[in-house]
Amino acid sequence: MTATAPAVPAAGTLTPERLRAWAWHEQGLDGSLIGKTSEEVLDHAGWARSVGGANPYLTLFARAGIRREQADRDVKALKIHELPTARGCTYVLGQADFAWGLQIGRDAAIAPFKVLARLGVERGEITLLEDEVEHALKESSDPMDPKQLRNELGESVRSLGEEGKKKGASTTLPTALGLLQADGRIRRVPVNGRLDQQRYAYTNWGLPGSAMDDDGARRLLLERYLRWTGGATFKQSQWFTAFTVAQSKAALAAVGAVEVPAANGDVLWMLPSDVERLADFEEIGDEQVQLLAGTDSLVLHRRNSADMFADADRGKKVLDTTLALQADLPDHPILDRGRIIGLWQYDPGKERIAAWTFTKPTDAVTRRIAEVETWIREDLGDFRSFSLDSPASRQLRIDALDEAAAGR
């Protein structure tokens, strides 16, 4: 027997407001993940983009109240780990996703070898270097950083000169490390145990493979992605996965995804079970305020921040930048049930959050800003967006938010 297709809600009922509240719920930002473990949060809400910033910590804190020390213990115990996966980008994953997550990112790890080949490096040279890296790590009692590995391996690591530097490949070592990591043979270890400071060493791993073929891994990623987002357009899914059109269509068919038209004209692809739940979904009436990172799963997985503004706020500007016209937000968002109601940055010099809400902040907004401010001060010391972010580099943004708040 063929399963009955779920009844798709009428397009007119799927307004931006309803879909924002639905995505908020699906991301576990409504309090439904309180008490869950780090692994459970990442399984439910999706992998947390890292890039040397503090987003993974806020992802866990906002949804489940998990503090940095617990997150760091989970990293050390390999319950969660930062790995290169979709599009070759680094995310923090739960342990059940390690093997197939690496499999998804393997093509990106192989890609740099095309540059090396044009510089006269043969595949056999890299294979030999991989073996020597593994041997050096096995012989070492501690993880080794790239400088230590270069010193240990000597001439086995070839300098590619000025031409290599121009092409982003100064030596052969990064490509060998990338391939080893993609195979699960080695892993990166944060030097100080923290996810928000991008200094790494390497250690041996020996992670077993996923036991699924590439089509199976793609199917699983797309199923997870649709579950994490609660539904996404075809273009949004391709941005996250980097699948070809053919691969995307095959994966959508394999998971039985359903096309669901929305009131704004978009067509969302959704899992059948989510279509049924969306039809019965009741929007939350009371305020639910969160401060998230600009790279949070709610925002980044679909890169649809423009959909998160109320119509009255779509023309808001900071430093002459119209917020709703940007693919990515210039600052971190303050949200209420999926709607962006303001922006924020952290000022470590004054140990405070610089916040601009589009209207006068309610008590709930003021309270949540104070809670996150205290958490950053106690757990992190600063809130960096990415590895090169610094208090000096964001001072212009902090001043602009202060000015916007003063002139509200």
Side-chain angles (χ1 to χ4, degrees), residues 19-51 53-75 77 79-82 91-97 101 194-196 224-232 240 274 277 281 283-284 286-302 304-305 308 329 332-342 344 346 353 364-365 367-376 378-380 383-385:
L19 290 174
R20 284 195 291 262
W22 167 250
W24 184 258
H25 167 70
E26 290 297 277
Q27 278 286 303
L29 288 160
D30 55 358
S32 57
L33 296 182
I34 294 295
K36 300 295 185 181
T37 66
S38 298
E39 293 173 81
E40 289 169 330
V41 171
L42 296 175
D43 175 71
H44 185 101
W47 302 336
R49 189 77 167 95
S50 47
V51 295
N55 172 57
Y57 291 126
L58 186 52
T59 292
L60 300 174
F61 179 71
R63 290 164 173 81
I66 295 170
R67 305 297 292 248
R68 180 182 67 81
E69 286 188 359
Q70 180 60 57
D72 289 346
R73 285 196 294 268
D74 291 341
V75 170
K79 294 179 179 179
I80 62 175
H81 200 48
E82 181 188 49
Y91 291 85
V92 178
L93 291 63
Q95 63 178 338
D97 297 344
R194 289 183 56 161
L195 294 166
D196 58 349
R224 290 290 187 84
Y225 174 74
L226 294 182
R227 176 159 62 81
W228 295 334
T229 58
F240 180 81
D274 287 342
R277 292 193 304 110
F281 173 65
E283 297 172 47
I284 305 150
D286 298 331
E287 281 180 283
Q288 289 188 335
V289 179
Q290 294 281 6
L291 277 68
L292 301 178
T295 50
D296 186 86
S297 301
L298 178 72
V299 182
L300 186 71
H301 279 183
R302 293 186 292 178
N304 67 330
S305 58
M308 299 180 185
L329 294 169
H332 306 300
I334 305 171
L335 303 103
D336 176 15
R337 290 161 289 178
R339 176 170 62 90
I340 295 174
I341 60 172
W344 70 278
Y346 189 72
I353 284 176
V365 171
R367 184 168 56 252
R368 188 56 180 169
I369 289 174
E371 290 169 350
V372 174
E373 187 176 80
T374 300
W375 170 73
I376 294 174
E378 293 178 350
D379 281 32
L380 305 180
F383 194 90
R384 304 195 318 162
S385 301

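Throughout, numbering of the chain's residues begins at 1 and tracks the sequence.
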Applying salt bridge (Lys or Arg N to Asp or Glu O under 4.0 Å) to Asp97 and Arg224, what does each step give before you reach the verdict? CA-CA 11 Å; Asp97 297 344; Arg224 290 290 187 84; 3.0 Å; yes
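- The closest side-chain heavy-atom distance from Tyr346 to Val372 is not below 4.5 Å.
- Side-chain atoms of Asp74 do not come within 3.5 Å of backbone N or O of Ile80 as any donor-acceptor pair.
- The OG atom of Ser38 lies 8.5 Å from the NZ atom of Lys79; values are rounded to the nearest 0.5 Å.
- For the residue pair Leu300 and Thr295, the shortest heavy atom distance occurs at CB-O, 3.7 Å.
- Residues Leu42 and Tyr91 fail the side-chain proximity criterion, which asks for heavy atoms closer than 4.5 Å.
- Aromatic ring orientation, Trp344 versus Phe383: tilted (interplanar angle from 30° to 60°).
- Smallest separation of non-hydrogen atoms from Ile340 and Ser305: CD1-O, 4.0 Å.
- Remark: His44 NE2 to Glu39 CD distance equals 15.5 Å, nearest 0.5 Å.
- With values rounded to the nearest 0.5 angstrom, Ile66 atom CD1 is found 10.5 Å from Thr59 atom OG1.
- The two residues Gly65 and Ile34 make their nearest non-hydrogen contact at N-CD1, 4.3 Å.
- Without hydrogens or angle criteria, Trp228 side chain to Asp43 main chain gives a donor-acceptor distance under 3.5 Å.
- The closest side-chain heavy-atom distance from Arg302 to Tyr225 is below 4.5 Å.
- A donor-acceptor contact shorter than 3.5 Å is absent between the side chain of Arg20 and the backbone of Asp336.
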Could you check Glu40 against Arg63 for salt bridge (Lys or Arg N to Asp or Glu O under 4.0 Å), going step by step and ending with a plain yes or no? CA-CA 11 Å; Glu40 289 169 330; Arg63 290 164 173 81; over 6 Å; no
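- In this structure, Tyr57 contributes its side chain and Asp72 its backbone to no donor-acceptor pair below 3.5 Å.
- Ile353 is listed as a side-chain neighbour of Leu291, based on a closest heavy-atom distance under 4.5 Å.
- Once rounded to the nearest 0.5 Å, the distance linking CG of Leu195 with NE2 of His81 reads 9.5 Å.
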Could you walk me through whether Arg277 and Trp22 pass the side-chain contact (heavy atoms from CB on, under 4.5 Å) test, one step at a time? CA-CA 10 Å; Arg277 292 193 304 110; Trp22 167 250; 3.8 Å; yes
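- Put simply, CG on Leu19 and CZ on Phe281 are 9.5 Å apart, with the number rounded to the nearest 0.5 Å.
- Using a 4.5 Å heavy-atom cutoff, the side chains of Leu29 and Leu292 are in contact.
- No side-chain donor-acceptor contact under 3.5 Å links Arg67 to the backbone of Asp379.
- Side-chain atoms of Asn55 never come within 3.5 Å of backbone atoms of Ser50 as a donor-acceptor pair (strictly under, hydrogens ignored).
- Residue His301 comes nearest to Ala45 through the heavy atom pair CE1-O, 3.9 Å, listed as atom of the first residue, atom of the second, then distance.
- Heavy-atom contacts from other residues, nucleotides or ligands closer than 6.0 Å to CD of Glu378 number more than 12.
- Between Met308 and Leu298, the closest side-chain pair of non-hydrogen atoms falls below 4.5 Å.
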Output, in order, the C-alpha distance, side-chain angles, deciding distance and verdict of side-chain contact (heavy atoms from CB on, under 4.5 Å) for Val289 and Ile334. CA-CA 7 Å; Val289 179; Ile334 305 171; 4.2 Å; yes
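- Taking every heavy atom of both residues into account, Gln290 and Ala62 meet most closely at NE2-O, 3.1 Å.
- Between Phe61 and Arg68, the closest side-chain pair of non-hydrogen atoms is not below 4.5 Å.
- A donor-acceptor contact shorter than 3.5 Å is absent between the side chain of Glu26 and the backbone of Thr229.
- Residue Pro56 comes nearest to Gly53 through the heavy atom pair CD-O, 3.6 Å, listed as atom of the first residue, atom of the second, then distance.
- For the pair Asp296/Gln27, a side-chain contact is recorded, criterion being any heavy-atom separation below 4.5 Å from C-beta on.
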